[in-house]
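Okay, so here's the structure we're looking at.
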Amino acid sequence: MSRPIPAGDYVEHFDPELAHHRAWLEAVLERLITHEPQALQEGGTLRMCFSSSCAMLLAFLKPGVLTGSNGDDQ
C-alpha cells in the first residue's frame, strides 16, 4: 500500500456491517503486520500496547463490552 489510510472519519463512523469499513480495518491491520510485526510478538511491550489499543477501539465501537479495571486483558 502506497497511499495513506485516513483514520479519523472511519474510526468515528465505523460500521462493521459495511464492507468498505471492514476492508479499511483489514488494510490497517495488514500495514501493522507488515511494518510493525514486533507489535504482535509474545511477551513484547508493543504487544501489550497493541492489545490495549485494540481494546480501546473495541470499547469505542461497542461501549460497555469490556468490564472491570483490566477490561483490556479480556
- Message: Tell me whether Leu18 shares a hydrophobic cluster with Leu61, the cluster being built from Ile, Leu, Val, Met, Phe, Trp, Tyr side chains joined at under 4.5 Å.
- Response: no
- Task: Could you pull out the closest heavy-atom pair between Leu66 and Ala55, with the gap in Å?
- Result: CD1-O, 3.4 Å
- Message: Between Met56 and Leu25, is there shared hydrophobic-cluster membership here, with clusters defined by ILVMFWY side-chain heavy atoms closer than 4.5 Å?
- Response: no
